Amino acid sequence: MKSNIPEKILILQISFFLIFISLGNISAQTLEENSPGEKLKIGLALSGGGALGIAHIGVIQAFEEEGIPIDIIAGTSMGSIVGGLYASGYSSSEQCRIVEEIDWINIFNSKPRNDAKLIGSRYGILEPLLRLRFKLWEIYIPPGFNNGQSISNELFYYTSAANFAGGSNFDNLSIPYRAVAVDTSTGEAVSLGQGDLAQALRASMAIPMIFYPTRFENRLLIDGGVLNNLPTDVVSAMGADIIIACDVLGVPSYEKEPRTIAEVAQHTMDIAFYELVRENIKLADILIEPDLKGHEAYDFTNLDNLIEYGYKAARAKMDEIKKLIPLEERNRISSIYEIDRTKLDLANIEYVNIAGLNNVRRAVVDSYFPLKEDDIYSTKFALKGIEEIYSTGLFENVWLELDKLENNNVGINIHVIEKYPRTLGFGFNYQEQEGFSGFFQIIHFNLFGWGERFMPLMRYGDIYKKAGFEIVNDRLFSTAITLNNGLYYEQESPYVYDDKGLETGRLNINRLVGQFSIGAHIYMKLLLLAGIRGERVWLEDNLQLSISAETIDNWNVFGRIHFDNTDDQYFPHKGVNISLEAGSIGNVDISIQRSTKIEGHLDLHIPLSSNQTISTYLFAGTSFNKLPIYENFKIGGPFYLPGYHKEELFSEHALIGRLEYSIKIFKKLYFQSSVSIANINNPDLFSDNFVKGISTGLIVDFPLAPVSLFYGWNEDDRQQIYFSMGYNF
């Protein structure tokens, strides 16, 4: 039998030869891919997680300190925001500054800023507990609790310059970047790589039911965490050789059984999110999981701690990272500063387009936007215009997108989503001396396309009743002229008290009123107004006030100057509110002498810190010839003459000063204390006949309406407890 050993040896030799050639080819290919002229592409994937995502900033801070370069970045939800800012050239220290600058309470407030409103538009619309909006006759249910308007404005402020420099292509940012969102129409996760960067970030963090979906490039998008909360697959598809992932949610903790519906829902979401990222975790070469237990995703306090936890978690993984990244590949961190964020505010505006208008006339939007064709662009003024357009109440959302044109010129695109114009508001309040009052108000916005408001109103309470309507136009045909016309019937039955504050009866007044006024807005904050009011008044007998029953027909002429730049209508922290008004009141019978009434008030709010305010209030009113009882100043209450019932005193002359200290103790809990002096019913307002008093109490600004409890005392030894619930109207 012939031996086959040489044959086997030959086969082995051939096999080793082929393996050697293959290894040589592989080595050559590897050397070619990572030759000295090339660099490893290091990708970073940042997860969503609400407030927990702030920890990503600490991770980036650790990378910067060790010279770990990031060449590709993708993020979801809060991870998309941190990643988008980093790709826009904001270092970790700059992002820490941004975290400190942002007002984390008001950024989630969808109400228009008070200082962005025309002064005339702040009045007339009552604050409801419930507001229903109608599409034709069908009730409109919003797609979320928050429309994200304030968030959109902030994101645009920080990213627009980088996006403009990159030509709206996210590959041209300092670091190629992707934001992950989900298309509501197709149900697929999408990787956003071009378009408006702010809108891409806004789409990626649009948590379903919490925030409205975001309109982006003709798609309606929601939070990417619904399908892809840790986008390592996106980073891989962008060409990363090494993938570092930071997951701020981590492995769900099941240390205790859920007992409440909220805990069951939270555990369910944790399980679902973790199952979604399980496969993507496998793609990561390095996984960083900061220990954030004890901090909730919705808690935007103690953010410095989150950054520190992220920093420590990244430092703990640094040895592993350095093993994957050769020394010669490090210290390329300076690349994040390459993009020029100064070009945008030097650009010349070639055009201003408006998209989304259906019923509102373009001139209305133009009248609020300060930048025009051929102006030099300014982000500050652009956002000021967006806030003022939104403050009209005509739009669900307003946002900007910019086009980079030749010679670094800019084209402005204003996008709007119009509101359904019909609303029905219901409200109520409770006052200690008045009991419950309620109202419903129908508002038809934009009646003829110029932003008009047609507002029928019905109000009912023990003391005050009213039914009627107003037609208001804040900017007639988009000019500075304002009109306010109304017709209403009101019944007023205030209590009458003796000198000791004991109730002795009521004064019954019925009025039918028609009013026309015209004015002009000066720079948004100043209103000049003049008008005429015709009224028929029915008075009933009141022996205590020496009033006999009579019917009076009056024509009243009035004028007003009003300036208001306070930052909040109900809880002002800073600003000035000044009003001066004069009126001539007289019977249609010209033989009867007319009365003149003059009044003014000054409110000054000075912030002592972020949560403390010192305020001064001054009210002065006087009259010439005898005023009708229903035109008297009504004085009394915790803020003006504490110790007396609210509006207890009827006065033809009054001078009241008050100094108040206010502190926000916790979120929506306020403590207020004030001292006041008042001179009542004395024609010599500056005589020494002053009554001094103090008031102190608490206000809780609940989501539906504020609740307050105050104690008042004055030197006449009058004391009073004041409890109220709801907005005043």
Side-chain angles (χ1 to χ4, degrees), residues 106 109-127 131 149-150 153 354 357 359-372 380-398 414 416 418-419 421 423 425 441 443-455 470-486 515-531 558-570 572 574-581 601 603 605 729:
N106 289 324
N109 187 350
S110 59
K111 291 183 179 180
R113 280 176 37 192
N114 199 55
D115 58 2
K117 296 180 182 178
L118 277 173
I119 183 173
S121 68
R122 304 183 194 184
Y123 308 97
I125 299 178
L126 303 185
E127 192 71 43
R131 177 170 287 151
Q149 180 67 39
S150 297
N153 292 348
I354 304 173
L357 292 178
N359 300 309
V360 180
R361 299 174 188 266
R362 171 167 180 152
V364 174
V365 177
D366 284 336
S367 68
Y368 287 92
F369 195 69
L371 299 176
K372 310 299 180 187
K380 176 183 176 181
F381 287 120
L383 281 175
K384 180 176 182 291
I386 292 301
E387 289 168 351
E388 291 177 0
I389 294 168
Y390 178 66
S391 74
T392 62
L394 300 173
F395 305 104
E396 292 280 7
N397 282 113
V398 186
I414 303 172
V416 299
E418 291 185 3
K419 280 185 178 179
T423 67
Q441 183 177 39
I443 305 174
H444 192 301
F445 290 93
N446 198 39
L447 190 60
F448 303 111
W450 296 100
E452 304 87 356
R453 300 191 302 274
F454 175 67
M455 300 185 294
E470 286 182 292
I471 298 178
V472 179
N473 193 323
D474 295 320
R475 278 188 162 174
L476 182 64
F477 304 130
S478 300
T479 67
I481 297 175
T482 179
L483 294 179
N484 190 325
N485 310 302
Q515 176 175 301
F516 170 82
S517 63
I518 185 169
H521 285 100
I522 312 295
Y523 300 117
M524 302 288 291
K525 305 297 184 287
L526 178 63
L527 176 65
L528 309 179
L529 191 70
F558 61 90
R560 178 188 301 170
I561 301 174
H562 194 176
F563 175 84
D564 186 354
N565 71 346
T566 54
D567 59 344
D568 190 278
Q569 187 169 342
Y570 301 103
K574 61 181 178 180
V576 180
N577 188 347
I578 304 173
S579 178
L580 298 173
E581 184 169 347
H601 71 78
D603 303 344
H605 307 278
F729 50 78

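This is a predicted model, so every value here is computed, not measured.
- Residues satisfying the ring-ring contact (aromatic ring centres under 6.0 Å, His included) criterion with F558, sequence neighbours excluded, are absent altogether.
- Under the side chain to side chain donor-acceptor pair (under 3.5 Å) criterion, R131 pairs with no residue, sequence neighbours left out.
- Not counting sequence neighbours, the partners of A363 by the side-chain contact (heavy atoms from CB on, under 4.5 Å) test are W450, S478.
- For Y368, the side chain to side chain donor-acceptor pair (under 3.5 Å) test picks out no residue, with sequence neighbours left out.
- Within 6.0 Å of NZ on K525 lie more than 12 heavy atoms contributed by other residues, nucleotides or ligands.
- Qualifying side chain to side chain donor-acceptor pair (under 3.5 Å) partners for D603, counting only residues two or more places apart in sequence or in other chains: none.
- Applying the salt bridge (charged side-chain N to carboxylate O under 4.0 Å, His left out) test to pairs two or more places apart or on separate chains, those with a residue in residues 473-483 are R453-D474.
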Taking it one step at a time, do F477 and S367 satisfy side-chain contact (heavy atoms from CB on, under 4.5 Å)?
CA-CA 10 Å; F477 304 130; S367 68; over 6 Å; no
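- In terms of heavy atoms, V576 sits closest to N565 at N-OD1, 2.7 Å.
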V360 vs F445, test: side-chain contact (heavy atoms from CB on, under 4.5 Å). Steps then yes/no.
CA-CA 10 Å; V360 180; F445 290 93; over 6 Å; no
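- A donor-acceptor contact shorter than 3.5 Å is absent between the side chain of S517 and the backbone of A530.
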Carefully, step by step, assess I354 and D366 under the rule side-chain contact (heavy atoms from CB on, under 4.5 Å).
CA-CA 9 Å; I354 304 173; D366 284 336; 3.5 Å; yes
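- Between V416 and Y390, every side-chain heavy-atom pair lies at or beyond the 4.5 Å cut-off.
- Although no hydrogens or angles enter the test, the distance criterion places a donor-acceptor pair under 3.5 Å between the side chain of S391 and the main chain of A116.
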Decide side-chain contact (heavy atoms from CB on, under 4.5 Å) for N114 and D567; before the verdict, give the C-alpha distance in whole Å, the side-chain angles of both, and the deciding distance to 0.1 Å.
CA-CA 5 Å; N114 199 55; D567 59 344; 5.8 Å; no
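- By the 4.5 Å heavy-atom criterion applied to side chains, L394 and E418 are not counted as neighbours.
- In this structure, the side chain to side chain donor-acceptor pair (under 3.5 Å) partners of K384, at least two apart in sequence or on a different chain, are E388.
- For the pair T566 (side chain) and G575 (backbone), a donor-acceptor distance under 3.5 Å is absent.
- With sequence neighbours excluded, the residues satisfying side-chain contact (heavy atoms from CB on, under 4.5 Å) with N153 are Q149, L383, I386, E387.
- Remark: R560 engages L529, H562, S579, E581 in a side-chain contact (heavy atoms from CB on, under 4.5 Å) (not counting sequence neighbours).
- Annotation: ring-ring contact (aromatic ring centres under 6.0 Å, His included) contacts of F381 (sequence neighbours excluded): none.
- Shown here are the ring-ring contact (aromatic ring centres under 6.0 Å, His included) partners of H605, two or more places apart in sequence or in another chain: Y617.
- With rounding to the nearest 0.5 angstrom, the OG1 atom of T392 is 8.0 Å from the NZ atom of K419.
- Looking only at side-chain heavy atoms (C-beta outward), N446 and R361 stay at 4.5 Å or farther from each other.
- The environment of CZ in F516 is crowded: more than 12 heavy-atom neighbours from other residues, nucleotides or ligands sit within 6.0 Å.
- Residues meeting the ring-ring contact (aromatic ring centres under 6.0 Å, His included) test with F563, sequence neighbours left out: none.
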